Amino acid sequence: MSKFLKALSAGACLLGTVSFSHAMDPAAGKTVYKKCAACHAVGDGAANKVGPQLNDIFGRAAGSVDGFKYSKAMMNSGIVWEEENLAEYLAAPRKFLKGTRMAFAGLKKEEDIANVLAYLKTFDPDVADESALTTPEVDDDGQASTKIASAETDEVAPAIADLEAAMSKGLFGLGRQATPSEVAAWDVKVMPDGRGLPVGSGSVFDGEELFVEQCAACHGDFAEGVDNWPKLAGGEGTLADEDPLKTVGSYWPYLSTVWDYVHRSMPFGYAGTLSDDDTYAIVAYILYSNDIVDDEFVLSNENFLDVEMPNADGFIVDDRPETEYGQWRTDPCMENCKGSVEITMRATVLDVTPEESQ
Amino acid sequence: MLKMFRGSESAPDVSRRRFLTTSLVSGAALAAGSSTVRAEGDPAILELKDWASFTGDGVDASPYGLPIDFESDVVRRNVEWLTADTISSINFTPIHALDGTITPQGCAFERHHSGAIELPKEEYRLMINGLVDQPLVFTYDDLERFPRENHVYFCECAANTGMEWAGAQLNGVQFTHGMIHNMEYSGVPLRILLQEAGLSAASDLSNKWVFFEGADASSNGRTIPLEKALDDVLVAFKANGEALRKEHGYPVRIVVPGWEGNLWIKWLRRIEVTDAPVESREETSKYTDTLEDGTSRKWTWVMDAKSVITSPSPQMPIKHGPGPMVISGLAWSGHGRITRVDVSKDGGISWETARLGTTQGDSKALTRFYLDTTWDGEEMLLQARAIDETGYVQPTKDQLREVRGLNSIYHNNCIQTWHVKKDGTAENVEVS
């Protein structure tokens, strides 16, 4: 990173173009950083984890840490990180940079953002001094008083000020109304008719790369499945066979289910991190692996419902009341119910029962 | 006068000599399997035992107690070949070794899709949204301020006994029938929470649905008709009097009485009223039942009447000779109460009605049955057959196969057969 850019960002800070007015408290920021620490290391010897390491972040070109695999969006963003754009990014990552892999929902409080940036500055020698200049109140006493203030705010804030939510109007008046942002954060379901799908698209081509990278360890390069992990492709026409192979192609009736599941639950052990476009691409690749689309296909919210799932008509609603209950709600036989009884199969022949010993 | 010894330190020589002497006298009795009783009596009585002389543990030795070491084999067990990874897997309740009806939480089966998470109450939030008058968020403390109820219900995985479709496979009732537990739940009826959010927005309630979703990484979600949600579904936070275990959804899970366990979303974070089923992964690609012609049943939520003999069974051989014995087992139905259980010793040729345990749980709870009988020392083909309050009679495996074919996985509620041999051991078998 050029010294010029670093100087510029430090200068921006000095000039006070950053809009937040809260005092910046690295100690409070350390607490806020716990939300980041699962994915981002910082400090001596920090290595890339799920996210890149954050030493010397100020003045760093976005997407430039060696050995970290960034989203295309981040690589091509042209961003140079400084206080102001980091603040915007941390407030709403996906809004600030569409296509970012960072799954973090964002820090809602300006104070938290200011504090976490102050904390990060302590790992950036080039800006650490300037930071101290702009926030001269960050001495021991200052930290203590800021902490108390922030603790008090935390106690009363969530339901009233920050969330702008109203009390329940129900019979008991318990709970509070959910904010639109909260509903948006959790209600990510996609319905069979496509309701809930975000605007976006992804190609088979991009999907293949993502699949190999993020899914193939369990599902195989061609979605054929590894060991006991689910097979996602193949099995067409096997449902009436003795050992049917149930895959997205041979069994799943709705494409919405694939999108919804990949988006919310995959990759296994790192769920909820796929961007909307990446999800479209991976789903496109799974369709391609099942010969449902060709290799030029690009799946989007626009053509989503045009995809025909081979087993869409393969399901009936539970018919046990008609096919079973009637004939089994009878007075059972008690004597001479059959002539003789033979043993036709024994579990010990198979020998698949776990041993008794621990 | 008897010489007293202090336990094993000084005892071996003397007791060994006495044993040898005694065995000459009562060799026949020993061979028949009775305990090592000497001429003058049973060492368990005659000897001064450590526990009768030394003091035991003080209070607080175990602030939260676990079963005594002697019972360390009564634990959940996994069948490794079933799944790729224990993070997304299932284990089995040791029902062979339990009695009564309540399953202790510590040995109640677990089923996770992305592992058992640790979600602190302070960070717990329950959202209700969708076709409601006001989308609401509750904290854990909010939930404890609503009127609550206590009910005992069984929770059975739809895949319980699923490995037995094609034939007798696993040699133990823990493995064939252990994807079940039965607990007393404390919680708020879901209808109260839905009413708090208001259902005017849903207008016609008869064609609406409710989607439940968990807070874990799998975010497992299932849809049920609103009608069921307003009937007996509980938002539960305690089981058997104490907080739910993390493996069962701490701090809050949904309880869907009588319906398959996959619907009982753990770590419940969101409830949405919808105008159609979400058709999530777990209600399309899984938990659907493929019939012989390749079409599949969906929305097969109810667990039909079922029973099984837990003792004797392959893990619980008969350890005594001919004479009085208790045949014991469990019965349950997702349609209501169990009204009768019949037991056959001859593979279904003749049946006798068992005695239902005196402590009856709620409707849709486990019922214990006993057949107090006499064993003649001969082979038996033991079966149990449950009948519920709708008159439904538990079918045989052949009856099920006739309707469904061989490719089903879930909802196998067939009559189970144990082949008890003359030596008292038992094996999982299929009979004609």
Side-chain angles (χ1 to χ4, degrees), chain A residues 165 168-172 174-178 182-183 186-187 189 191-192 227-229 239-240 242 244 246 251-254 256-257 260-261 264-265 268 271-272 314-320 323-325 328-330 332 334-338 341-348 350 352-354, chain B residues 77 79 83-84 114 127 129 134-138 142 145-146 167-172 175 195-198 217-219 270 272 276 278-281 284-285 288 290 293-300 346-351 381 385 390-393 395 403 407 419 427-432:
Chain A
S168 161
K169 288 178 250 165
L171 180 64
F172 294 89
L174 290 172
R176 60 166 178 83
Q177 292 188 11
E182 288 173 334
V183 172
W186 274 5
D187 185 353
K189 69 169 189 316
M191 304 285 278
D227 300 333
N228 240 352
W229 297 103
L239 296 182
E242 202 166 298
K246 296 178 178 179
Y251 196 63
W252 294 37
Y254 305 106
S256 60
T257 311
D260 179 281
Y261 185 70
R264 76 164 69 221
S265 311
F268 190 63
F315 290 81
I316 56 169
V317 173
D318 185 6
D319 65 350
R320 285 177 293 175
T323 56
E324 299 182 3
Y325 296 166
W328 296 336
R329 282 182 179 139
T330 55
M334 296 298 286
E335 290 292 335
N336 303 314
C337 302
K338 44 190 173 183
V341 170
E342 303 297 328
I343 291 173
T344 54
M345 191 166 179
R346 295 177 173 277
T348 50
L350 274 174
V352 291
T353 310
Chain B
R77 304 279 305 279
V79 176
T83 51
S114 287
M127 182 185 291
N129 73 311
Q134 48 173 358
L136 291 179
V137 173
F138 299 112
D142 289 336
R145 295 173 67 190
F146 284 100
Q169 277 216 57
L170 289 160
N171 207 30
F175 303 111
Q195 280 158 2
E196 184 73 3
S218 80
S219 180
R270 198 170 71 86
E272 180 179 358
V278 171
E279 302 285 9
S280 71
R281 185 235 191 194
T284 53
S285 78
T288 46
T290 303
D293 66 358
T295 60
S296 305
R297 288 172 175 165
K298 66 173 180 178
W299 306 349
T300 48
D346 54 17
I349 296 172
S350 63
W351 297 84
L381 289 170
R385 174 177 75 187
T390 72
Y392 178 100
V393 182
V403 179
N407 280 341
H419 177 209
E427 183 185 3
N428 174 12
V429 298
E430 257 183 57
V431 296
S432 57

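These figures come from a predicted structure and were not determined experimentally.
Proximity to chain B is limited to the side chain of A/Lys246, based on heavy atoms less than 4.5 angstrom apart. Only the backbone of B/Ser280 comes within contact range of chain A, with at least one heavy atom under 4.5 Å from a heavy atom of that chain. Interface residue A/Leu239: backbone and side-chain heavy atoms are both found under 4.5 Å from chain B. B/Val403 touches chain A through its side chain: at least one heavy atom from C-beta onward sits under 4.5 Å away, while N, CA, C and O do not. For chain B, the nearby parts of A/Trp229 are the backbone and the side chain; heavy atoms of each come within less than 4.5 Å. When heavy atoms are compared at a cutoff of 4.5 Å, B/Thr300 approaches chain A by way of both its backbone and its side chain. Using a 4.5 Å cut-off between heavy atoms, B/Gln169 touches chain A through backbone and side chain atoms alike. With a threshold of 4.5 angstrom between heavy atoms, A/Asp227 does not approach chain B through any atom at all. For A/Tyr261, the part lying under 4.5 angstrom from a heavy atom of chain B is the side chain only.
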Might you work through the side-chain contact (heavy atoms from CB on, under 4.5 Å) test for B/Leu136 and B/Met127, ending with a clear yes or no?
CA-CA 6 Å; B/Leu136 291 179; B/Met127 182 185 291; over 6 Å; no

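Counting only heavy atoms from C-beta outward, the side chains of B/Arg145 and A/Phe172 never approach each other to under 4.5 Å. The shortest side-chain heavy-atom distance between A/Cys337 and B/Trp351 falls under the 4.5 Å cut-off. When side chains are defined from C-beta on, A/Val317 counts as touching B/Lys298, because their heavy atoms get closer than 4.5 Å. Here the side chains of A/Tyr251 and B/Ser296 are in contact, with some heavy-atom distance below 4.5 Å.
If you tally non-hydrogen atom pairs under 4.5 Å between each of B/Asn171, B/Asp293, B/Thr290, B/Leu381 and chain A, the highest count goes to B/Asn171. Of all the listed residues (A/Leu171, A/Ile343, A/Thr323, A/Leu350), the one sharing the greatest number of non-hydrogen pairs under 4.5 Å with chain B is A/Ile343. Residue with the most contacts toward chain A among B/Gly167, B/Ser114, B/Gly348: B/Gly348 (heavy-atom pairs, distance under 4.5 Å). In terms of heavy-atom pairs under 4.5 Å with chain B, the best-connected choice from A/Ser168, A/Pro244, A/Ser256, A/Pro192 is A/Ser168. In terms of heavy-atom pairs under 4.5 angstrom with chain A, the leader among B/Val137, B/Asp346, B/Thr295 is B/Val137. Per-residue counts of heavy-atom pairs under 4.5 Å with chain A were compared for B/Asn129, B/Val431, B/Asp142; the largest is that of B/Val431. With chain B as partner, the option from A/Thr353, A/Val341, A/Leu174 having the largest number of non-hydrogen pairs under 4.5 angstrom is A/Leu174. Counting heavy-atom pairs closer than 4.5 Å to chain B, the top-ranked of the candidates A/Trp186, A/Trp252, A/Phe315 is A/Trp186. Interface remark: of the candidates A/Lys189, A/Arg320, A/Lys169, A/Arg320 forms the most heavy-atom pairs closer than 4.5 Å to chain B.
Between atom CZ of residue B/Arg270 and atom CD of residue A/Glu182 there is a gap of 13.0 Å, rounded to the nearest 0.5 Å.
Applying the side-chain contact (heavy atoms from CB on, under 4.5 Å) rule to B/Thr284 yields the partners A/Pro253, A/Tyr254, A/Thr257, B/Glu279; only residues at least two apart in sequence or on another chain are considered. The side-chain contact (heavy atoms from CB on, under 4.5 Å) search around A/Glu335 returns B/Ser350, not counting sequence neighbours.
Remark: A/Asp260 does not engage B/Arg281 in a salt bridge, criterion side-chain N to carboxylate O under 4.0 Å. Using a cutoff of 4.0 Å between basic side-chain nitrogens and carboxylate oxygens, A/Glu324 and B/Arg297 are scored as salt-bridged.
More than 12 heavy-atom neighbours from other residues, nucleotides or ligands sit within 6.0 angstrom of CZ on A/Arg329.
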